[in-house]
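Only heavy atoms go into these numbers, but all of them, side chains included; no hydrogens, no water, no symmetry mates.
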Number of protein chains: 2
Amino acid sequence: MLPEPYDLLPTTARQSHTIAAGDVLFQQGARTRGLYVLITGRVHLERVGPNGERLIIHRATSGTSFAEASVFSERYHCDAIVMDAGELVRIDKSAVLAAFANPDFARAYGRHAAQQVQAHRQIMEIVGIRRAEDRVMAGIVAGLLDGTVIDFAARLQLTHEATYRALRALVEAGRVTNPSRGTYRLA
Amino acid sequence: MLPEPYDLLPTTARQSHTIAAGDVLFQQGARTRGLYVLITGRVHLERVGPNGERLIIHRATSGTSFAEASVFSERYHCDAIVMDAGELVRIDKSAVLAAFANPDFARAYGRHAAQQVQAHRQIMEIVGIRRAEDRVMAGIVAGLLDGTVIDFAARLQLTHEATYRALRALVEAGRVTNPSRGTYRLA
DNA sequence: TCTGGAATATGATTTCAATCATATGCTGCC
DNA sequence: GGCAGCATATGATTGAAATCATATTCCAGA
C-alpha cells in the first residue's frame, strides 16, 4: 500500500519498477514524468553545481516519496541515482495535478505536507543544539528515538559514538532510564 | 500582500494583529483557530516535554507562515510566544479547509508545500556536512548566501565566525571570490 | 556630523565531538 | 552449532569548531 496521500490516487496513476544500484531514474533538465515512492532500496538526489560540484540534495529512504515538486515543474532540477537495489512506484504527474480537483485528495496532500514541514522544522531546531547531550535529550523528548540508536544518531546529525556517550551521561544524570540494552526512556 | 498560497484566500479569512513581546498567540491543547503569517517580528513555537523540558519547535521569521498543520488538527500541539513585537495575520482554519475545494488554491498550496519540503531536505543534507569549509561551499552552491553572512551562518547551523573563516579559506583556495566586503560568489 | 549598533573580519584559546580502536552481545542463517 | 554481521558500548586521541576577544567598516538616525 502506498503512503498517504498517494493511496487516494487511481491505480492507473502508478507504475511499479524494480531498480538496481547505479540506475538513473531521471536527470537534471529532463522532462518531468512524476514523483516517486520508494518501497525498498536507497536513492540519492544530486545536483551538479555551476562549477561541477556534486551536491547531494536528498537521500530517499524506504516508504518515503521524493521528487514531489517535479509535479509542479517542467523539468527535473536534479539527478536521481539508485544507490541500493529495491523497488519503487512512479506516480504520474498529470494524475496528481488532476487529483487536486478532488478536495479529499487535496486536503490529504495538504495535511501530509504540513506535517512534514513541521517535522522538518523541529528536527532542524534540534540539530541546531550544539551540545551533544542537550541535542540527544531534545531528540528523545521529541520522540525521535524509536528505532535503533544508530538511526537516531543519524537523524540528530551526530556520530553514534557521541550519541551513546550522551545517552550514558543522561542516564547517569538521572534524566533518562536505560531499562535494557539499547532501549532508553525519559526518566 | 500575503505570501503564496494564502493570497488566494478571500480577505474575510484574514485578520491582522499587532503583537508585543511576551504575547502568547496560542497554547498547547487550545482549540485550533488557524495558521499565522508573520509580517514582522519574531515568534517562537515551543513544546513542553513530559518532564517539563521546554523545547523550541520552530522560530518563525518575517514573511513566513507557521502553525500550518493546525488547520488539520483539533488542538494546537505547542505554544506560540512572541519574542519581538511586530504584526501578523491570522488565517482562518475553516477558510483554508474550504479553499481546498478550489483546485487553484489546492495546487498552489501543494506546489508551495512541496517546494518547502524540498528546501528543508536540502538544508538538512547540507547541515549534515561536518567540515565547516565543505558545508559553507555547499551552502553557496545551493544559493543560500543571499542575505548577510550572519543569516547564512544561522541557516548552516554554524557560528558566524566559523563561517567567515571558511569563506576566507575558500577564497584563498580560489573556489570562491570576494569581490567586495561582505559579498562572496562562486569562483 | 557625530554616534550607536550591526555586520564584517580575524586572532587566541578551549572545549567537545569526531575519529580510531576495540570488545561484547545479539540475531539470522548456512 | 558456529559464524558473520550488526547494534551496542566505551576508551584514547585528535582535530576542528565554539567561544571569547577585539578591531574595523558601514549605515541609520539623532
Check this for me, if you would: do R47(A) and E125(B) make a salt bridge, where the nitrogen-to-carboxylate-oxygen distance has to be below 4.0 angstrom?
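Answer for the salt bridge query: no.
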Give one of base, sugar-phosphate or nothing for Y184(A), where a contact means two heavy atoms less than 4.0 Å apart.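 It contacts sugar-phosphate atoms only.
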With sugar-phosphate taken as primed atoms, P, OP1 and OP2 and all else as base, the protein-contact string of nucleotides 17-22 of chain D at under 4.0 Å (heavy atoms; B, S, -) is SSBB--
Walk me through whether K93(A) and E74(A) qualify under salt bridge (charged side-chain N to carboxylate O under 4.0 Å, His left out). CA-CA 10 Å; K93(A) 174 183 167 174; E74(A) 269 306 297; 3.8 Å; yes
Apart from I81(A) itself, members of its ILVMFWY cluster (side-chain separation under 4.5 Å) are V24(A), M83(A)
Estimated bend of the helix from dT1(C)-dA30(D) to dC30(C)-dG1(D) (axis per five terminal pairs, rounded to 10 degrees):
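Taking five pairs per end, the axes differ by 40°.
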Can you confirm whether more than 12 heavy atoms, excluding those of R54(A), are under 6.0 Å from its CZ atom?
no
| request: Assess whether atom CZ of R33(A) is packed by more than 12 heavy atoms of other residues, nucleotides or ligands within 6.0 Å. | output: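 Not buried by this count: 12 neighbours or fewer within 6.0 Å.
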May I have the distance from [X] (atom [atom1]) to [N] (atom [atom2]), rounded to whole angstrom?
X	N	atom1	atom2	result
L167(A)	dA17(C)	CG	P	13 Å
I150(B)	dT8(C)	CD1	C1'	8 Å
E172(A)	dT10(D)	CD	C1'	11 Å
D134(B)	dA16(D)	CG	P	11 Å

Quick one: which of dT10(D), dT8(C), dG25(C) gets closest to the side chain of R181(A)?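 Selected nucleotide: dG25(C).
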Can you tell me if the side-chain N/O atoms of Y164(A) get under 4.0 Å from OP1 or OP2 in dT10(D)?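 For dT10(D), neither OP1 nor OP2 has a side-chain N or O of Y164(A) closer than 4.0 Å.
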Tightest non-hydrogen contact, residues V149(B) and T163(B), listed as CG1-CG2, 4.0 Å
Would you please classify the geometry between the Y36(A) ring and the Y76(A) ring as parallel, tilted or perpendicular, with 30° and 60° separating the classes? tilted
Item to complete: Could you check whether the rings of F105(B) and Y109(B) sit parallel, tilted or perpendicular, using 30° and 60° as the cut-offs?
Response: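 Aromatic pair F105(B)/Y109(B) classed tilted.
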